[in-house]
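Reviewing the structure listed below.
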Amino acid sequence: MQHFGQILVFASFLLTAGTVALALGGAARRRPDLVRAAGQATRAVAWLNAAISLVLVHAILSHDFSNRYVASYTDSGMPLMYLLTAFWGGEKGALLFWVLTLSLLAGALARVRRDGSPYTGWVLGVTAATLLFFDVLMVFASSPFEGFLTTDGPPDGSGLNPLLMNPLMAVHPPFQLAGFIAYTIPFAFASASLLSGRNDAAWVRDSRPWYLLAWSLLTAGLAIGGLWAYLELGWGGFWGWDPVENAALLPWLSGTAALHTSSLDMRRATYRRWNLVLVFVTFLLTIFATFLTRSQLIQSLHSFSNSVLTPFFLYFMVVLVAFFGLLLAYRWRGLGASAARLSHVWSREGLVLVNTLVFVICLFIVLWGTLLPKISESSAVQAALGLEQAVDVGPEWFNMVVAPVGVIMVLLTAAGPLVPYRTGTPGATRTLARTAVAGLAAALVVAILFAISRGSLLAGLTGEGLPAAAWRAVKGLALPGFWGLLSIAGAGWIVAAVVTDWRRAAATRAAVTGERAVRAAASLLRANPRRFGGHLAHLGVALAFLGFAGGAAKIVRKDVVLDPMDRLSIGGTDLIFLGTDERYDAGGQYASLRSHVLAWPAGKALADGTVESLVAASGAASGKAGTAPEVELAFASAAAAAEFHATAFMQTAGQRDFVKVLVVPERREVQLAPFAIETLRFVPRSFHRQIEEMKGLAAATGGRLTVTASRGDPVITVRAADDAMFKALTRPSAGAAAWAGVRRVKDRPTEVAVVPAGMGMTLRPEMRFYAKSENPTTEVRIDSGLFTDLYVAATPGEGSQSMSLTAMVNPLMSGVWLGSLVLILVTLGLAVPVGTLRTAPAPARAPEGEPEEGVAP
Amino acid sequence: MAKKIVTVLIAVAVLGGGVAIVASSMSSGVFSLTIAEAQSAPERLAGKELKVTGDVVSGSIRRGATPFEMDFAIADKEGRRLDCHYKGAIPDPFAEGREVILQGALGTDRKLEVSKITVKCPSKYQEAGIAEDRYDDYYGKKYKDGHRNP
């Protein structure tokens, strides 16, 4: 099967090369037939690459471990969903994914643009040339269809790191990659415009849907990555300014700048050159990001194995810069000739220019911080900057420097859409001031509402007055710093500005068309999607910045070791650690140590009787009442005991408990379950041996003990036929010294009961030990409120019952995710080409009364 | 005229901003050192924030009195060793043999007082540290006798 795949790859490579020749030749020689043929060939290539992908998917699904890629990234036990995600899991698969996605996009492009014009030929040609580059990589350097030379492949694969067996991590790479890949199309359009000598914004209009698609995919990739980090990694943040993260952020920054300049290019024919440069830079940065993540250039948390592709990407970037640079230089003056001049600074155009600069500055900041370790390694740079060693900067520096830049972005986002084109007017200044004040007031109102809502909950429970309770609730939280507060005010301003603009436009439209106000407001979105879609997107920005401000708040965080029934006070809430239980999940193949943490109103005592009932329900032995009761196993005969001991099924105290013993008196049962990191991987192999041993033990007692066990769920149940046997089974005996490490962890295998209704809430963070992994993973639990997230993680403490708890209160976190969602959905919605919009009949004068052309609303 | 003023203003702001950024990155920067450099570090680097990378030495991990404290040592490819002491939550993937990036300050006893540990994830879904050219060898040994050896 490998060979078949290889042949297809080679065929695809040849066909793509042919496409390039056809497209470029047809464009240069003005031969519509060649260009159309190139279009057909592009679609054929798409089909071919789809076939290649199917071959790989088949190899993965059929567990064809003679394929080296399949053997490295999958194993026979993997669930279906993660098998499919293994397609892009490794570098070779990711390369094939890149080729597949790009050719599918190119195929769609060819389907849509079927005129044989040279312009289309250039577009198809540049896209195909990029595709050819990746094909070359696949054919000559890094193919997913390699086999093993000396063996037929291992009988089982290596499987997946469980940290990555998470639905979010499964979808993050394709979105991220697709975002990068999709930027090829706008780049192709830009190149085509330059190559065909055109000097208009047609390429911007044509590429706009593709551009928006690419931007929304990239935003989705970044957001999903951040969400995964927040939920899975256990440090409470979502962006670590790691070099790989930064590399993906760079094209997003230039891409967002290009989004705004292109809008202006279409409308006002300004910033044409900026626009071209930005689109090119965005595409270049996607290649740079891929290069940076695959190379060992910068020390990063995300380490990839040393890739052979690194130098290829470097050469490709050089070629790209040379190509586009020369092209741009050749057409430079022509481009400037017809562009409009910037007449007034305080106009929309001026603000967009400032906005672009801000994004570019942000880009350089991120680039500088990321590359600094490498730059400062050279002694020339060290001499110039007065350093003795190479220097590195951490997240604190990034957060410190990017914060003011971010705030400027927020302020521009609010002010920009309110300012007229070409000339600023006094009216605009008044509007700006009024909306700013309104926004500030709105932010204050929201803050007060928040305090009231949390305070009323407390007040109801503790009986104190509302103001005092509200103050106490808010006091427990951290304040965002200066920039954070400014962000919040700025976000309020954005909302006020959007509402004002929309309201005014709706009022004017209603007056003209006679629609009712609400209907007018809604139809505005259809009538002018770019402007009002932009407003919606800016609302998403406001939400996101609220989240960033919250993240900037000195996060209240505590790391404490707790015994059962201990309390931890954080952010106005008490966390009561109830205890732990353990379970084994056969499907996921992990053992889990689960902590039960009760979030309880601060200062409120647990009601009388509640304490005992909670403890009993949780099944956790109370550390307060003395040491946990211990039970030791004894056997009917010394020989049986010795035999049992010899199987090394038990380990003594001082090491992690291997066995948990659950005693169920009603059924006269003792359950033995394995639970340890180091030894868990031995369970599947040796477990059936343990079963045999225990069965031998049962036989030795003449049947008064019965042993049942199941392979799928490694619990050995030993049941005594009568009370006497049960006593013997659980009574400490002379030979029991060797079993000192066996302890009763709980005596009832039940779930934690829910606490009295309306009070508190139980969070259950886990520690998972996967059979196939070498290290445990911490599963945090987050209670996401509208305003705050309560974040709890627990890892084993030193005592038998204690856990070390990490608790955090993260304010306004949901803003980031909601804001990102809004941005992604709005942009996707705008990307869909609506064709002819159904609008109300065009009225006599300027329709929506926009504050353009200097007309006062 | 307005445009010229604006251009000058913008240029000044950008330059000023650039200088501020570069300067701040120098002052809050953390020096990256190899273990060899850390071992022979001169006195003036004592107490300054450093970044060192290395592999955790097997058998060197000693947990402290609380779960938030431990001693360990890291080594580079040539076997040079650096002793470390860490106070804080221990990251999940931290284990012997893993490659770690440590941030901390050198004490006078040449021991690194670590403030932050970053463990490098083994290459995405792959067996840690197995180079591709050794796959055949590795898998052959691993699956000798028809079943998987640990």
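Lettering of chains follows the sequences in order, A, B, ..., and the numbering in each one begins at 1. On a predicted model such as this, the values are computed, not experimentally measured, just so you know.
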Practice prompt. Apply the salt bridge (charged side-chain N to carboxylate O under 4.0 Å, His left out) test between B/D71 and each candidate in B/R62, B/K87, B/K111; give the one that qualifies.
Written response: B/K111

Discussion item. Do A/V393 and A/W368 make a side-chain contact, defined as non-hydrogen atoms from C-beta onward lying under 4.5 Å apart?
Written reply: no

Worksheet item: Would you say B/S60's side chain and B/A73's backbone share a donor-acceptor pair under 3.5 angstrom?
Response: yes

Worksheet item: Side chain, backbone, both or neither: which part of B/L50 has a non-hydrogen atom closer than 4.5 Å to chain A?
Response: neither

Item to complete: Identify which part of B/V22 has an atom lying under 4.5 Å from any heavy atom of chain A, answering side chain, backbone, both or neither.
Response: both

I'd like to check the side chain to side chain contact (heavy atoms under 4.5 Å, CB included) partners of [X]; sequence neighbours left out, ordered by chain and number.
X: A/S143; value: A/Q6, A/F145
X: B/A105; value: B/E49
X: A/A807; value: A/L568, A/I570, A/L575

Discussion item. To the nearest 0.5 Å, what is the distance between CZ on B/R81 and CG on B/D76?
Written reply: 12.0 Å

Discussion item. Within residues 395-405 of chain A, which residues come under 4.5 Å of chain B, heavy atom to heavy atom?
Written reply: A/P395, A/W397, A/M400, A/V401

Worksheet, complete the sentence: Honestly, the part of A/V358 sitting under 4.5 Å from a heavy atom of chain B is neither

